[in-house]
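Scroll down for the structure; my scribbles are underneath it.
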Amino acid sequence: MQFRVGSTNSTTSLLRRHQSFVSHSTSPPSQTSKWNLNTRQINLRTLLNPIKENPNSLPSLLSYAQIFQLLTGTHFYKLGQQVHALMTLQGLQPNAYVAAKMVAMYASHGDIDSALFVFNRIDGERSSLLYNSILRGCAKNGYTEKTLEMYYDMNSIGLRPDNFTFPFVLKCCAELLRVGVGKCVHGQSLRVGLECDLYVGTSLIDMYVKCGEILEARKLFDEMPMRDVSSWNALIAGYMKNGVVGIAEDLFRRMSNRNIVSWTAMISGYAQNGLGDRAFDLFEEMQREGSEVKPNWVTIMSVLPACAHAAALEQGRRIHSYARWIGLDSNSYVQTALVSMYAKCGSLVDARSCFDRLCVKDKGLVAWNTMITAYASHGLGMEAVRTFEEMIRFRVQPDFISFTGLLSGCSHSGLVDIGLKYFNCMNSVYSVEPRVEHYACVVDLLGRAGRLVEAKELIDRMPMQPGPSIWGALLAACRTHRNVEIGEIAAKQLFVLEPENSGNYVLLSNMYAEVGRWEEVDNLRVIFKDQGMKKNPGCSWIEINGKAHLFHGGDTYHPQAKEIYMLLEDLPKKIKAAGYVPDTSFVLHDVSEEEKEHNLTTHSEKLAIAFGLLNTYPGTVLRVTKNLRICVDCHTATKYISKIYDREIIVRDVNRFHHFKDGSCSCGDYW
DNA sequence: ATAGGGTTAG
């Protein structure tokens, strides 16, 4: 697993924003009225009481239909079953109209089997209404293939699809990424003259957008005789999903009525495209806009990843308290997003407490996966395993993400045997087919443990093509265990698979340099230059009082540069007195030892830590984030710093968290 | 009864 870090530019600008944007001066919104539910219950009682009082009474089919309609979406599933049973006892066969209501009732409880049972044995002809009802049920409950099957069925018996039919079917085409089917359905909607319908048109835009055909969606949008907010929103989200941020922005600025969905589409689009700073800006702007638009749980859930990405813990806390203020923090999706945010911002304690606040029924697959991954990324492999087992006990079916979390957790903690055990039985016991990413985890697992030959053998007998993640894991392991021979094999594959990735050249070059093969180092340097590649610049940032401070390796223009460098120059003496020898094997070029040592003292993570030491009170925890993997030397130095200055230092690198305390690191030097 | 924004992993 990796923390995705965008381009340095976007990271830099992202970090400029750390001001409070949440105003707590407004009062929380009032609770939604319960009136609706009460009238529903009263109506239900007037229908049911006559039956209860006189068991011989024979209610009409119409009143049965009304009962089922009132029961749809309520908690009275059992009652619905009883009424159904009563109907059967009275020898009443539901007609298409009653069946449609029954199907809706069962489907609203996720009971598709019963819905299909009713659907398949009705009295008389089926209606479009009945088909729409079953389509809705199947589509809403993830039975996508079944939905399409039903749609074919409906056409084959000559029933005319209407404005309600198409949205359900198109949603499934989008989910299955079946543009071919979608185009066919598009044709049918034209044939029945529904191209002007707002719902059908918007569903078509959405379908094309999700299948990646943004031009087709645009064409449709431009040709629509009538559009509303939803059509605009669908297109905006479409451009965002396809990474075309500029056009999305343009549309957003041009549209006349924006609603909360429009704002959320923009905010989440920014966050997903690695533009967290703009996500925050817009979130603020939306609040300034006044009472017209109120953020809802989707909005909150969409800003949180931007905090996670920037490791902006204080920002995240502010959004959390804002969510609490407007009464959205109890939403299970928001809570799950909070777990992830806190974990990625380095606070495992807060992550866990949010997780614990979720009640049992709200602890869904995603929440469990998030917690497992959180432990894994903080190097608590055994906790990840325990959480996974707990999830199984709660009868939550794991998916491929559960296993990437579990396996990477084992890998980072050196739990080789446990990891292999899970990998070997994930299909047979848990019915999860291993994917490339799982193989990558196991290559990593074996590789970190120094079992490089076994790792290579695993790659050779993989059932799928090994991709960059596989060879990358092997190369990194070869670097750690100084195996040039296998490292070359991995690197050569990577040069073909991802020629633009400079990191691979740097890694191999370092390996050659270490064993003194300078000729090969020179060769690589030539290739490196010829292809115009640049070393991915390392940068680190530290959050102090909710404000982020960014450093690049060798920065000298910082206002406090002088003090920072003084502290760092002083450091080797202090550390050497404690028996520390700098590890210079991670420097790319062949330079003299002193120069190497100098380069190392100015690595960005050291600058950030020094800055933190200078600008916080003794005892404050330092939280540093780095866009690359932390190097061995900085890792060692940080251990000493934590001891000499008596500080807890938490470093998040691309792969995981390191908690430094009292001279040692939570990773046990195993990463 | 119908459309548009969506948390985990990469």
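Worth knowing before you read on, the calculation uses all heavy atoms, side chains too, and leaves out hydrogens, waters and symmetry mates. Within every chain, numbering begins at 1; the chains are lettered A, B, ... in the order of the sequence lines, protein sequences first and strands thereafter.
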- Task: Looking at every strand, decide which applies to A:Phe168 at a 4.0 Å heavy-atom threshold: base, sugar-phosphate, or nothing.
- Result: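 A:Phe168: backbone/sugar contact only, no base atoms under 4.0 Å.
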
- Message: Quick test of the criterion, 5.5 Å between centres and less than 30° between planes. Is A:Phe164 stacked on B:dA1 or not?
- Response: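 Given the distance and angle limits, yes, they stack.
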
- Stacking between A:Tyr199 and the base of B:dT2 (centre distance under 5.5 Å, interplanar angle under 30°)?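 Check passed, A:Tyr199 stacks on base of B:dT2.
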
- Under-4.0 Å side-chain N/O to phosphate OP1/OP2 contact, A:Gln69 with B:dA1: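 Yes, such a contact exists.
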
- Item | Side chains of A:Ser203 and A:Asp206, donor plus acceptor under 3.5 Å |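 Note: A:Ser203 and A:Asp206 side chains miss the donor-acceptor criterion.
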
- Item | Donor + acceptor pair across side chains of A:Asp228, A:Ser231 (<3.5 Å) |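 A donor-acceptor contact under 3.5 Å links the two side chains.
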
- Item | Donor-acceptor pair present, A:Asn259 side chain and B:dG5 base, under 3.5 Å |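 Donor-acceptor pair under 3.5 Å: no.
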
- Task: Tell me whether the guanidinium CZ or amine NZ of A:Arg258 lies under 6.0 angstrom from the six-membered ring centre of A:Phe252 and within 45° of its axis.
- Result: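 Relative to the ring axis of A:Phe252, which defines the angle, A:Arg258 lies inside both limits.
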
Nearest of [options] to any side-chain atom of [X]?
X	options	result
A:Thr264	B:dG5, B:dA3, B:dA9	B:dG5
A:Asn132	B:dG4, B:dG5, B:dA1	B:dA1
A:Tyr333	B:dT7, B:dT2, B:dG5	B:dT7
A:Thr336	B:dT7, B:dG4, B:dA9	B:dT7

- Give the ring-plane orientation class for A:Tyr430 versus A:Tyr422, where under 30° counts as parallel, over 60° as perpendicular and anything between as tilted.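 Ring orientation, 0 to 90° scale: tilted.
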
